[in-house]
Amino acid sequence: MRIRAIRLMLLLLLLLLVPAWGTATSILDDLEHVGLYAAATYQRFEDWANSRACSVCQHSDIRSTEINATWSTAIPAASRGFVGIYHNRRHVVVAFRGTTHVMDVLADAQIAEVKWPSAEADGNESRVHAGFLAAYLSARDTVLGALDAIAADSNSEYSILFVGHSLGAAQATLAFADYAEHTSNTSSATSRKMRLITFGSPRVGNREFARHVDRAATGDGVHLRVVHEADMVPHLPRTIVPRLHDYAHSGREIWARDSETAPASDVVLCRKLEDGEEDPACSVSVGPLRWNIADHFVYPGIRIGIPRYLVQKEGREADWL
């Protein structure tokens with residue numbers, strides 16, 4: 001009973017700290033809503049109204065989304081996603097797809113850090129994962145062009161929601177930081193609230209970049225980083241040689257634990273620490289021997305099919321395939 005009371009208190013605290021999103025009645029509902037957009041990026045979202053092409057797109061919670069722009073690049077790097085407007089919850093959605101094929105794997109593998117494009121002019125030491133940056137830059141013109149066009153519209157009260165899973169989460173983080181700079185330097189600046197919600201995100205850059213992203217989320221901004229149980233991806237890349245790279249997370253972690261009835265259904269609000277440090281009571285407390293890839297494919301609103309031999313948990317086959 002005491003543990004349940006503590007969990008209830010944490011959920012109530014989260015509801016107070018995080019602005020309400022539309023008509024959602026719980027944080028888990030909100031995360032599942034956002035997760036549906038991340039899941040849609042793995043299907044043929046260009047044909048949004050076709051349930052055979054994109055079954056997720058026809059979920060009742062996102063069906064009426066209006067798609068404004070799409071992209072699918074392969075050279076010089078792979079990126080895929082869309083920009084849309086969801087009037088029911090009054091937000092603009094920018095969604096990036098995660099790793100699915102060899103070009104994505106090549107982007108993931110480029111772990112060397114390079115300077116964040118604005119770092120030179122600003123005189124800071126922000127550095128980011130070379131592969132993630134290359135992937136985002138291949139989509140940048142389409143993303144910013146779509147957001148600038150929407151900014152010229154009258155829906156200035158709509159928030160902008162950046163979302164992604166896995167490699168898509170890394171690109172969403174870069175897009176969030178980039179658009180914050182873009183709106184502060186151009187006439188497209190608006191009073192829109194910016195929100196960044198990621199699922200299974202790897203570390204994207206160094207501690208200076210983590211601080212940079214956190215600054216972009218101050219005020220009315222929101223940056224939540226969801227980690228499912230023992231997902232190994234959020235623990236990567238690891239800092240091995242600090243002089244070469246020093247990876248750190250930004251944002252406030254939400255640890256999605258497995259309950260007795262369903263995976264990733266028991267959310268824990270983690271403490272937001274400074275300088276890229278992670279709450280020792282949350283996912284970072286899971287040792288490397290417990291890390292697994294199966295947890296990476298299941299998040300609120302996200303169920304990605306993977307070979308069954310990868311999802312044997314505690315001697316039983318997972319029931320969410």
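Just so you know, these numbers use all the heavy atoms, side chains as well, and skip hydrogens, waters and symmetry mates.
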Measure from the side-chain N and O atoms of [X] to the backbone N and O of [Y], and report whether any donor-acceptor pair falls under 3.5 Å.
X	Y	result
D279	R271	yes
W48	R63	yes
D258	A264	yes
T73	S79	yes
H228	D295	yes
S55	R52	no
Y86	D61	yes
H165	H296	yes
R203	H235	yes
R90	S159	no

Next item on the list: Please test V227 against C282 for side chain to side chain contact (heavy atoms under 4.5 Å, CB included), starting from the C-alpha separation and ending with a verdict.
Entry: CA-CA 9 Å; V227 178; C282 284; over 6 Å; no
Next item on the list: For the pair L31 and Y299, evaluate side chain to side chain contact (heavy atoms under 4.5 Å, CB included) and give the outcome as yes or no after the intermediate values.
Entry: CA-CA 9 Å; L31 293 179; Y299 274 85; over 6 Å; no
Notebook entry, point to check: Is the shortest distance from a Lys or Arg side-chain nitrogen in R215 or E208 to a carboxylate oxygen in the other one below 4.0 Å?
Noted result: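 A salt bridge is present here (some side-chain N lies under 4.0 Å from a carboxylate O).
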Check: Can the ring centres of Y158 and H87 be said to be less than 6.0 Å apart?
Finding: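 Yes, they do, as the ring centres are separated by less than 6.0 Å.
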Next item on the list: Quick one: list whatever passes side chain to side chain contact (heavy atoms under 4.5 Å, CB included) with D214, sequence neighbours left out.
Entry: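 Side chain to side chain contact (heavy atoms under 4.5 Å, CB included) check on D214 returns H223, S250, K272.
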Margin query: Taking side chain to side chain contact (heavy atoms under 4.5 Å, CB included) as the definition, give me every residue that meets it alongside S265, ordered by chain and number, with sequence neighbours left out.
Written below: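 For S265, the residues satisfying side chain to side chain contact (heavy atoms under 4.5 Å, CB included) (neighbours in sequence not counted) are L28, S259, A262.
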Locate the shortest heavy-atom distance separating [X] from [Y]; write the atom from each residue and the value.
X	Y	result
D231	V233	OD1-N, 3.0 Å
A170	P202	CB-CG, 4.2 Å
V94	V143	CG1-CG1, 4.0 Å
A172	G164	CB-N, 4.1 Å
W116	V128	CE3-CG1, 4.0 Å
W255	A281	CZ3-O, 3.5 Å

Decide whether [X] and [Y] are clustered together by the hydrophobic rule: side chain heavy atoms of Ile, Leu, Val, Met, Phe, Trp, Tyr closer than 4.5 Å, transitively.
X	Y	value
V226	I293	yes
V284	W291	no
L236	F199	yes

May I ask you to test the [X]-[Y] pair for a side-chain heavy-atom distance under 4.5 Å?
X	Y	value
R303	P263	yes
V83	W71	yes
T183	L147	no
Y42	R97	yes
P117	D178	no
H33	I62	yes

From [X] [atom1] over to [Y] [atom2], what is the distance, rounded to the nearest 0.5 angstrom?
X	Y	atom1	atom2	value
H212	T173	NE2	OG1	12.0 Å
F96	T41	CZ	OG1	10.5 Å
I302	F297	CD1	CZ	11.5 Å
E229	N292	CD	CG	8.5 Å
S72	R44	OG	CZ	12.0 Å
Y179	R140	OH	CZ	12.0 Å

Item checked: E125 atom CD, over 12 foreign heavy atoms within 6.0 Å ->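 Incorrect, the count does not exceed 12.
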Next item on the list: Consider only side-chain N and O atoms of E46 and T70, and report whether a donor and an acceptor are under 3.5 Å apart.
Entry: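 Checked: E46/T70 side chains show no N/O donor-acceptor pair below 3.5 Å.
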Item checked: Audit row: E274, R211, salt bridge (Lys or Arg N to Asp or Glu O under 4.0 Å) steps and yes/no -> CA-CA 8 Å; E274 300 299 323; R211 287 191 287 266; over 6 Å; no
Notebook entry, point to check: After noting the C-alpha distance and the side-chain angles of I67 and F45, does the key distance pass the side chain to side chain contact (heavy atoms under 4.5 Å, CB included) rule?
Noted result: CA-CA 9 Å; I67 301 301; F45 51 78; 5.7 Å; no
Next item on the list: Please state whether the rings of F82 and Y37 are parallel, tilted or perpendicular, taking 30° and 60° as the class boundaries.
Entry: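 The arrangement is tilted - the two ring planes meet at 30° to 60°.
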Notebook entry, point to check: What's the verdict on side chain to side chain contact (heavy atoms under 4.5 Å, CB included) for R127 and F209, showing C-alpha distance, side-chain angles and the deciding distance?
Noted result: CA-CA 6 Å; R127 300 179 69 84; F209 181 72; over 6 Å; no
